[in-house]
Amino acid sequence: MMTGRTQENLGSVTHLGKHTEYPDDYSPQILECFDNKHPDRDYFVKFNCPEFTSLCPITGQPDYATIYISYVPDIKMVESKSLKLYLVSFRNHGDFHEDCINIIMNDLIALMQPRYIEVWGKFLPRGGISIDPYCNYGKPGTKWEGVAWDRLKEHDMYPEKINNR
């Protein structure tokens, strides 16, 4: 019995196994999803994206960050290559750090309707200050709505160590 991913059970996933064409600007339509094979179980999926780049909307200078995306899938899951291409699409996009993080979360919610999701941007300092926006979402009317509030109110309660960038 074959239990791995096949083109048949990946559905509309189109980026895998093809030459990669990188988008020139913000491209939420590039995101793709596939069916969660374990929708009866709560579990986290975490992406660490250490090469995120966007542009300052005022100066046009590049901003660099590690983006952490953690989510509990419901029926759909994001396909990782499409996520990589989507995140690359921010490299010529001008927006503030906080906006980028919220846009990423909103696009992933629209794509997958996860039970829970959080997105945290750890931006490198520019001008002597770093900005680390965090946002999250729990599906309304579920236990994950309460988890979202609890994680938000307790988020980043402990001081950072200088070596964690």
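If you read the sequence from its start, that first residue is 1, and numbering goes on from there.
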Open item on the list: Could you go through Ser54 and Phe123, starting from their C-alpha distance and side-chain angles, then the distance that decides it, and tell me whether this counts as side chain to side chain contact (heavy atoms under 4.5 Å, CB included)?
Closed with: CA-CA 10 Å; Ser54 63; Phe123 285 81; 4.3 Å; yes
- [ ] Go through the structure and list residues passing ring pair (Phe, Tyr, Trp, His ring centres under 6.0 Å) with Tyr137, not counting sequence neighbours.
- [x] none
Task: With Tyr86 via ring pair (Phe, Tyr, Trp, His ring centres under 6.0 Å) - residues at least two apart - done: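 Listed in chain order: Phe90.
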TODO: Check the pair Ile67, Trp120 against side chain to side chain contact (heavy atoms under 4.5 Å, CB included), reporting the backbone distance first and the verdict last.
DONE: CA-CA 6 Å; Ile67 305 295; Trp120 191 357; over 6 Å; no
- [ ] Show which residues join Ile58 in its hydrophobic cluster (side-chain heavy-atom contacts under 4.5 Å, direct or indirect), or state none.
- [x] Phe96
- [ ] Please go through Ile75's hydrophobic cluster and name the other residues, only I, L, V, M, F, W, Y counting, with side-chain heavy atoms under 4.5 Å joining them.
- [x] none
TODO: Take Asn136 and Tyr134 through the side-chain hydrogen bond (donor to acceptor under 3.5 Å, both in side chains) test and state the conclusion after the steps.
DONE: CA-CA 7 Å; Asn136 71 5; Tyr134 169 90; 3.3 Å; yes
- [ ] Locate the shortest heavy-atom distance separating Met112 from Ile117; write the atom from each residue and the value.
- [x]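 Reported closest heavy-atom pair: CE-CD1, 4.3 Å.
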TODO: Compare every heavy atom of Lys139 with every heavy atom of Trp144, then report the nearest pair and how far apart it is.
DONE: CB-N, 4.2 Å
- [ ] Applying side chain to side chain contact (heavy atoms under 4.5 Å, CB included), name anything that partners Cys135, two or more places apart in sequence or on another chain.
- [x] Ile101, Asn102, Met105, Val119
- [ ] Taking side chain to side chain contact (heavy atoms under 4.5 Å, CB included) as the test, write out the residues that go with Phe47, two or more places apart.
- [x] Val45, Cys49, Ile69, Tyr71, Val78, Ser80, Leu83
If you round to the nearest 0.5 Å, how far is [atom2] of [Y] from [atom1] of [X]?
X	Y	atom1	atom2	value
Tyr22	Asn92	OH	CG	14.0 Å
Tyr64	Leu124	OH	CG	9.0 Å
Leu85	Glu79	CG	CD	8.5 Å
Leu87	Ile30	CG	CD1	10.5 Å
Tyr26	Ser89	OH	OG	7.5 Å

Output every pair passing salt bridge (charged side-chain N to carboxylate O under 4.0 Å, His left out) with a member in [range], not counting sequence neighbours, ordered by first then second residue.
range	answer
residues 104-115	Asp42-Arg115, Asp74-Arg115
residues 43-68	Asp63-Arg126
residues 91-101	none

- [ ] Begin from the C-alpha positions of Arg151 and Glu118 and carry the test side chain to side chain contact (heavy atoms under 4.5 Å, CB included) through to its verdict.
- [x] CA-CA 9 Å; Arg151 286 180 71 95; Glu118 59 188 33; 2.7 Å; yes
Task: Flag, side chain of Ser27 to backbone of Gln29, donor-acceptor distance under 3.5 Å - done: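 Looks like no, no N/O pair under 3.5 Å.
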TODO: Report yes or no: does Glu145 contribute a side-chain atom to a donor-acceptor pair with the main-chain N or O of Gly141 at less than 3.5 Å?
DONE: yes
- [ ] Just jot down the salt bridge (Lys or Arg N to Asp or Glu O under 4.0 Å) partners of Lys76, sequence neighbours excluded, or say none.
- [x]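 Testing Lys76 for salt bridge (Lys or Arg N to Asp or Glu O under 4.0 Å), a comparison that skips the adjacent residues, returns Asp35.
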Open item on the list: I'd like to check the side chain to side chain donor-acceptor pair (under 3.5 Å) partners of His97; sequence neighbours left out, ordered by chain and number.
Closed with: none
- [ ] For Ile103 and Cys100, run side chain to side chain contact (heavy atoms under 4.5 Å, CB included): C-alpha distance rounded to whole Å, both residues' side-chain angles, the deciding distance at 0.1 Å, then the answer.
- [x] CA-CA 5 Å; Ile103 289 167; Cys100 290; 5.7 Å; no
